Amino acid sequence: MSMVLRRVWELVSSTSRGKVDGSGAEACSRSDLGELEQLPGDILLQILRELGPKDAAKMSCVCKALRCLVFDNRLWVHFLQTYQPDPSSDSLFFAEATLSYGYPLPLPPFHARTPQLSFKHIYGQRARVPGSVIIDGGSGYCKFGWSKYASPSGRSATFLEFGNIESPMYTHSDHQLRMCTPAVKGTGLFFCNHCLILGLEKYCYFGFICYILLSFSALCRMQVKPNTQPVIVSVPICHYDDTESAKASRRQLKEAIYSALFDMNVPAVCAVNQATLALFAAKRTSGIAVNIGVGVEVVGLGALKLTGFLREKMQLNNLNFQSLYTVRTLKEKLCYVALDYEAELSKDAQASFEAVGEGRFTLSKERFQTGEILFQPHLAGVQAMGLHQAIALCMEHCHSAELAGDSDWYKTVVLSGGSACLPGLAERLEKELKALLPPYISNGTRVIPPPYGADTPWFGAKIIGNLSTFPGPWCVTKKQFRQKPRLNLIW
């Protein structure tokens, strides 16, 4: 193998000294490969992989046979996975085939056609894409990091203190925010590019001031000069109603975020709502996005309600704890959703966890009773429909609406948010939906758990930030925003 690689290197070196015209045509018509001519194509392809992208590209000028191998998509998918940040080939194909044109996404019949992609060209384009800062301001934590990194660089709590987990930062400053972004309670459905957002928030969104402070804090922690990098921000899901006032509120929030970031001299901003980013992370462009976070409640039940319910159960069983941070940790480490609640009641579900500074805690039925309130809210004293009933109602509405395009788009349910990571939730929800809905709706229904856990929206933003066409079709520049402040901002 060493002799073969040496021969290939000689060919690369001689080729690099040759001339290549501006169109990229072959500089030499044919070259005697000697012993390499006897090698199978798969072996030559493996040799090209060993050479790396730069030297492999030079081999296209050696001869036509190698040129075909150099343009083989398998080779450049390998290079993309090895040398550039991308989780998988299917995620890469989804991103470049579906999202590279920017927003709004192309509607069917475009998606029915599979575009011919040159991954060699995509590799070159992605290598030139500038790194961007991603800020996912969740209602529990703000996740931030570079688009070129494998995962978020860090996270900061959006609570003033863990000991008082029911006091999010934005509630303390809410009285200062009403003048800028009125906090309005409400429920409903919002349709956008075949993305249905379902939920109920305690407040319609973070306070504008709080959100921008989080963004500025993230930039400072990453030691980024604001005027050097594009910024991708996830926008909290808010105002679900498709009314004019709700649309105005959504636009008000987006324009406030753009304006504040441009005042920091950020060169370009891409702001996308968390539900859309969750769909992208799941390699989907349409579906029902269900977000269950700290400050985001589905049918009146969010992470705070789940934590509060577990706290009450622990107090009834004389389990002492110092703060709700401990209760939240136990929820994340020990709780799950039972596939069959009644059958689970007769089982021994005891499990223990060592909480730092507080000792060992042992939970039993509380482990699955906590998640059960999502399906039976009355167990927590909440008068509301269960999660499965709310989603089933949405699916029935979508079926009746007969929207253009793929008629089954609403049969995909993507979960996001920290509490959506409870083990067993996706399986139980899928089971309940199939039992509740008629076969013509339930057949083909699929519930996808958070693809990247609580960081799912961040990874959806990462897919955008590494597109070969980024930032062009996805970002708004400062000049564009100043010239057209009412432009159609990406929602």
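Positions are given from 1, in the same order as the sequence printed here. As the structure is a computational prediction, the values presented were derived from the model and not from experiment.
Using a 3.5 Å distance cut-off with no hydrogens or angles, the side chains of Asn443 and Lys434 do not pair a donor with an acceptor. In the model, Gln350 has no side-chain atom that pairs as donor or acceptor with a side-chain atom of Ser364 under 3.5 Å. With hydrogens and angles left out, the side-chain atoms of Glu344 and Tyr336 include a donor and acceptor closer than 3.5 Å. Remark: the Ser100 side chain and the Thr469 side chain contain no N/O donor-acceptor pair separated by less than 3.5 Å. Residues Lys462 and Ser147 bring no donor and acceptor atom of their side chains to less than 3.5 Å of each other.
Among pairs with a residue in residues 375-391, none fulfils salt bridge (Lys or Arg N to Asp or Glu O under 4.0 Å), at least two apart in sequence or across chains. Note on residues 416-446: pairs passing ring pair (Phe, Tyr, Trp, His ring centres under 6.0 Å), not counting sequence neighbours, are His399-Tyr440.
Between Ser151 and Tyr452, the closest side-chain pair of non-hydrogen atoms is not below 4.5 Å. Counting heavy atoms from C-beta outward, Leu92 and Arg126 have side chains that approach closer than 4.5 Å. The shortest side-chain heavy-atom distance between Val337 and Thr370 does not fall under the 4.5 Å cut-off. Two residues are said to be in side-chain contact when any heavy atoms from C-beta on lie closer than 4.5 Å; Trp146 and Ser153 meet this criterion. When side chains are defined from C-beta on, Pro230 counts as touching Phe470, because their heavy atoms get closer than 4.5 Å. In this structure, Val231 and Ile135 have side chains that are in contact, with non-hydrogen atoms separated by less than 4.5 Å. Side-chain contact check for Met314 versus Leu330: some heavy-atom pair is nearer than 4.5 Å. Residues Leu99 and Ile463 are in side-chain contact: their nearest non-hydrogen atoms beyond the backbone lie under 4.5 Å apart.
Closest of all the heavy-atom pairs between Cys270 and Ile464 is SG-CG2, 4.4 Å. When all heavy atoms of Ala271 and Val235 are compared, the pair lying nearest together is CB-CG2, 3.8 Å. Counting all heavy atoms, side chain and backbone alike, Val129 lies closest to Leu467 at CG2-O, 3.1 Å. In this structure, Ala278 and Val414 approach most closely via the heavy-atom pair O-CG1, 3.8 Å. Across all non-hydrogen atoms, the minimal contact from Trp458 to Phe144 is NE1-C, 3.8 Å. Nearest approach of Val233 to Val269, heavy atoms of both residues: CG2-CG1, 4.4 Å.
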Which is it for Val356 and Thr326 under the side chain to side chain contact (heavy atoms under 4.5 Å, CB included) test, yes or no, and what are the steps along the way?
CA-CA 9 Å; Val356 178; Thr326 301; over 6 Å; no
With side-chain hydrogen bond (donor to acceptor under 3.5 Å, both in side chains) as the criterion, how do Gln274 and Ser416 come out once you've worked through the C-alpha distance, each side chain's angles and the decisive distance to 0.1 Å?
CA-CA 9 Å; Gln274 292 169 342; Ser416 66; over 6 Å; no
Output, in order, the C-alpha distance, side-chain angles, deciding distance and verdict of side chain to side chain contact (heavy atoms under 4.5 Å, CB included) for Leu433 and Val447.
CA-CA 9 Å; Leu433 288 174; Val447 179; 4.1 Å; yes
Between Ser352 and Phe361, is the side chain to side chain contact (heavy atoms under 4.5 Å, CB included) condition met? List the steps.
CA-CA 5 Å; Ser352 300; Phe361 290 86; over 6 Å; no
Please lay out, stage by stage, how Glu255 and Tyr258 fare under the test side chain to side chain contact (heavy atoms under 4.5 Å, CB included).
CA-CA 5 Å; Glu255 290 184 352; Tyr258 276 97; 5.6 Å; no
Start with the C-alpha gap between Ser132 and Gln229, add the side-chain angles, then the distance that decides, and say whether side-chain hydrogen bond (donor to acceptor under 3.5 Å, both in side chains) holds.
CA-CA 5 Å; Ser132 56; Gln229 306 292 339; over 6 Å; no
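Residues passing the side-chain contact (heavy atoms from CB on, under 4.5 Å) test with Gln383, sequence neighbours excluded: none. Residues that satisfy the salt bridge (Lys or Arg N to Asp or Glu O under 4.0 Å) test with Glu427, not counting sequence neighbours, are absent from this structure. By the salt bridge (Lys or Arg N to Asp or Glu O under 4.0 Å) test, Lys365 pairs with no residue at all, sequence neighbours left out. Considering only residues two or more places apart in sequence or on other chains, Asp263 meets the side-chain contact (heavy atoms from CB on, under 4.5 Å) condition with Ser259, Arg482.
Rounded to the nearest 0.5 angstrom, Asp408 CG and Cys398 SG are separated by 11.5 Å. Here the OG1 atom belonging to Thr412 is positioned 9.0 Å from the CD1 atom belonging to Ile288, to the nearest 0.5 angstrom. In this structure, Ile448 CD1 and Glu430 CD are separated by 9.5 Å, a value rounded to the nearest 0.5 Å. Atom CG of Asn291 sits about 9.5 Å away from atom CG of Leu415, to the nearest 0.5 Å. With rounding to the nearest 0.5 Å, the separation of CG in Leu339 from CD in Glu432 is 8.5 Å. The structure places CZ of Arg311 at 12.0 Å from NZ of Lys331, a figure rounded to the nearest 0.5 Å.
Within a 6.0 Å radius of NZ in Lys478, more than 12 heavy atoms belonging to other residues, nucleotides or ligands are found.
The main-chain N or O of Ala275 is found under 3.5 Å from a side-chain atom of Asn273 such that the two form a donor-acceptor pair. For Gln480 (side chain) and Thr477 (main-chain N/O), a donor-acceptor pair under 3.5 Å exists by modelled atom type. Formation of a donor-acceptor pair under 3.5 Å by the Thr307 side chain with backbone atoms of Leu304 is not found in this model. Listed for the Arg367 side chain is a donor-acceptor partner under 3.5 Å among the backbone atoms of Ala349. Under a 3.5 Å cut-off, the side chain of Glu366 and the backbone N or O of Leu363 do not form any donor-acceptor pair. Side chain of Ser442 to main chain of Pro438: a donor-acceptor pair is present (N/O by atom type, distance under 3.5 Å, no hydrogens or angles).
Between Phe481 and Phe262, a ring centre-to-centre spacing shorter than 6.0 Å is recorded. Phe368 has its ring centre less than 6.0 Å from the ring centre of Tyr341.
Both cation-pi conditions hold for Arg428 and Phe375: the charged atom is under 6.0 angstrom from the six-membered ring centre and inside a 45 degree cone around its axis.
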